[in-house]
Amino acid sequence: MKFEKFRQILDSHYGNLHWWPADTEEEVVIGAILTQNTSWKNVEKAMENLKQAHILTLNDIVNADRERIRNAIRPSGFYNQKTERLINISGKIVEKGGLRALREMTDRELSYFLGSLKGVGKETEESIMIYALGRKRFVVDKYTLRIFNRTGLIEDDTDFPKSLKNEIERKLSLEELNNLHGQIVNLGKDFCRTQPICKKCPMAGECDYEKEITLP
DNA sequence: CACCAGGAATGTA
DNA sequence: TACATTCATGGT
């Protein structure tokens with residue numbers, strides 16, 4: 001199907017979502033780490049625990065006792081790794097001058113800085129770029145690969161063509177990019193899991209989910 | 001009980 | 001470059 005039609009279906013089904021679900025930009029950074037290979041439901045529990053422990057900024061994380069962070073984020077899984085990543089990443093950002101300082105960087109400088117942080121891979125980097133710092137990025141996650149592949153927008157479900165990514169980032173506005181990724185994640189959660197739930201999916205008819213199912 | 005969730009780092013060939 | 005392994009809780 002055509003990309004424009006794809007967007008149109010998402011718009012009519014999900015509207016404007018005002019992503020990312022967080023109260024502050026710093027919570028976006030924290031949530032981006034916690035949600036790595038983890039359901040958002042579990043991240044919400046971890047975020048709630050952090051708030052109850054009065055740990056809700058990057059500075060709080062730097063100053064907080066390790067054990068309290070570990071305890072708070074336990075429900076989000078991988079808590080040993082994620083605790084170290086949170087502390088390390090928060091420290092690096094704080095010593096740079098906080099998100100306020102990152103906003104002064106060019107896209108290129110920002111990408112280089114974030115990419116150098118342990119625990120920040122491609123997706124996390126771009127999520128922070130757009131949802132915490134307002135840069136024009138199209139976040140490619142597992143859902144994006146799966147849905148673009150199943151709807152025939154890309155051929156390979158393990159690699160998203162850079163040319164297409166650049167084109168999307170060039171053509172869409174910041175607001176549209178913000179919304180598009182949120183819509184894709186919601187579509188993924190609602191209908192397009194590994195085991196697809198295709199009933200009432202707005203992409204039904206445009207989606208070849210069967211081509212991906214591999215039988216032994 | 002098996003499988004998966006809004007990944008990333010590390011090691012191997 | 002292309003895979004495999006590890007990290008770990010909670011829902012279905």
Side-chain angles (χ1 to χ4, degrees), chain A residues 10 14 17-23 25 27-50 66-90 92-93 111-132 137-151 154-162 165 168 177-199 201 203 209 212-216:
Chain A
L10 287 176
Y14 288 110
L17 300 171
H18 303 288
W19 248 48
W20 167 297
D23 294 333
E25 278 87 4
E27 287 180 22
V28 172
V29 176
I30 297 170
I33 305 300
L34 294 183
T35 198
Q36 289 170 0
N37 203 43
T38 302
S39 67
W40 185 254
K41 193 75 179 173
N42 287 353
V43 176
E44 285 181 319
K45 295 176 185 170
M47 290 295 299
E48 184 53 38
N49 290 343
L50 285 173
R66 251 184 170 62
E67 204 52 35
R68 297 183 56 224
I69 299 177
R70 285 173 47 135
N71 215 339
I73 70 172
R74 189 174 297 265
S76 72
F78 307 108
Y79 56 88
N80 288 314
Q81 271 192 6
K82 286 175 179 177
T83 296
E84 297 312 307
R85 290 177 178 184
L86 276 176
I87 293 172
N88 175 52
I89 291 163
S90 299
K92 291 286 170 61
I93 294 178
S111 177
Y112 183 79
F113 171 67
L114 293 175
S116 72
L117 303 176
K118 293 204 195 321
V120 178
K122 206 51 190 146
E123 185 193 336
T124 305
E125 172 189 326
E126 307 219 305
S127 294
I128 293 173
M129 294 265 292
I130 180 170
Y131 294 110
R137 290 292 152 122
F138 180 54
V139 180
V140 176
D141 65 351
K142 200 184 299 178
Y143 285 141
T144 308
L145 289 167
R146 184 183 300 155
I147 292 170
F148 271 58
N149 179 44
R150 291 181 182 179
T151 53
I154 63 176
E155 298 306 320
D156 184 355
D157 70 345
T158 62
D159 180 59
F160 197 93
K162 277 193 293 185
K165 183 176 179 306
I168 292 174
L177 289 167
N178 175 312
N179 201 29
L180 177 58
H181 176 62
Q183 292 172 332
I184 288 171
V185 171
N186 273 329
L187 183 74
K189 287 203 264 202
D190 293 342
F191 305 105
C192 202
R193 329 261 313 189
T194 300
Q195 305 295 329
I197 312 162
C198 298
K199 290 179 183 176
C201 176
M203 292 294 165
Y209 70 92
E212 195 190 338
I213 295 177
T214 53
L215 302 174

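Keep in mind that what you see is a predicted model, and the values were worked out from it rather than measured. Just so it is clear: chains get the letters A, B, ... in the order the sequence lines come, proteins before strands, and each one is counted from 1.
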A:Lys165 atom NZ: more than 12 heavy-atom contacts under 6.0 Å: yes

Rounded distance in Å between the P positions of B:dA8 and C:dG10: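 Here B:dA8 and C:dG10 have their P atoms 22 Å from each other.
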
Distance, rounded to the nearest Å, where [X] contributes [atom1] and [N] contributes [atom2]:
X: A:Leu145; N: B:dG7; atom1: CG; atom2: P; value: 10 Å
X: A:Ile128; N: B:dA8; atom1: CD1; atom2: C1'; value: 13 Å
X: A:Asn37; N: C:dG10; atom1: CG; atom2: P; value: 15 Å
X: A:Glu123; N: B:dA8; atom1: CD; atom2: C1'; value: 10 Å
X: A:Leu34; N: C:dA8; atom1: CG; atom2: C1'; value: 13 Å
X: A:Lys189; N: C:dG11; atom1: NZ; atom2: C1'; value: 14 Å
X: A:Asp190; N: B:dC4; atom1: CG; atom2: P; value: 19 Å
X: A:Glu84; N: B:dA8; atom1: CD; atom2: C1'; value: 15 Å

Atom pair [atom1]/[atom2] of [X] and [Y] - distance to nearest 0.5 Å:
X: A:Leu187; Y: A:Thr151; atom1: CG; atom2: OG1; value: 9.0 Å
X: A:Ile73; Y: A:Ile33; atom1: CD1; atom2: CD1; value: 10.0 Å
X: A:Thr35; Y: A:Ile30; atom1: OG1; atom2: CD1; value: 13.5 Å

Distance under 6.0 Å and angle within 45° of ring axis: A:Arg70 vs A:Tyr79: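 Not satisfied by the 6.0 Å and 45° rule.
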
Counterpart residues, side chain to side chain contact (heavy atoms under 4.5 Å, CB included), relative to A:Thr144 (two or more places apart): A:Phe138, A:Val140, A:Asp141, A:Phe148, A:Phe160, A:His181, A:Ile184

Set of residues satisfying side chain to side chain contact (heavy atoms under 4.5 Å, CB included) with respect to A:Gln183, sequence neighbours excluded: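 Side chain to side chain contact (heavy atoms under 4.5 Å, CB included) list for A:Gln183, sorted by chain: A:Leu10, A:Asp11, A:Tyr14, A:Leu17, A:Asn179, A:Leu180.
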
Phosphate OP1/OP2 of B:dG7 contacted by A:Thr35 side-chain N/O (<4.0 Å): no

Phosphate-side-chain proximity, A:Arg193 and C:dG11, N/O vs OP1/OP2 below 4.0 Å: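 No, no such contact exists.
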
For the student: nearest non-hydrogen atoms of [X] and [Y], plus distance:
X: A:Pro75; Y: A:Asn49; answer: CG-ND2, 3.8 Å
X: A:Lys118; Y: A:Arg85; answer: O-CG, 4.1 Å
X: A:Cys192; Y: A:Arg150; answer: SG-NH1, 3.2 Å

Are any protein N/O atoms closer than 3.5 Å to N/O atoms in nucleotides 9-13 of chain B? If there are, list each pair with its distance.
{"unit_1": "B:dA9", "atom_1": "OP1", "unit_2": "A:Gly119", "atom_2": "N", "d": "3.1"}

For residues 37-45 of chain A, tabulate all N or O donor-acceptor pairs below 3.5 Å that involve a side-chain atom, not counting sequence neighbours.
{"unit_1": "A:Thr38", "atom_1": "OG1", "unit_2": "A:Gln36", "atom_2": "O", "d": "2.9"}
{"unit_1": "A:Thr38", "atom_1": "OG1", "unit_2": "A:Ser76", "atom_2": "O", "d": "3.1"}
{"unit_1": "A:Thr38", "atom_1": "OG1", "unit_2": "A:Lys82", "atom_2": "NZ", "d": "2.8"}

Selection: residues 39-48 of chain A, any non-hydrogen atom under 4.0 Å of DNA chain C: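 Per residue number, the list reads A:Asn42, A:Lys45.
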
For DNA chain B, the residues among residues 68-83 of chain A that have a non-hydrogen atom under 4.0 Å from it: A:Gln81

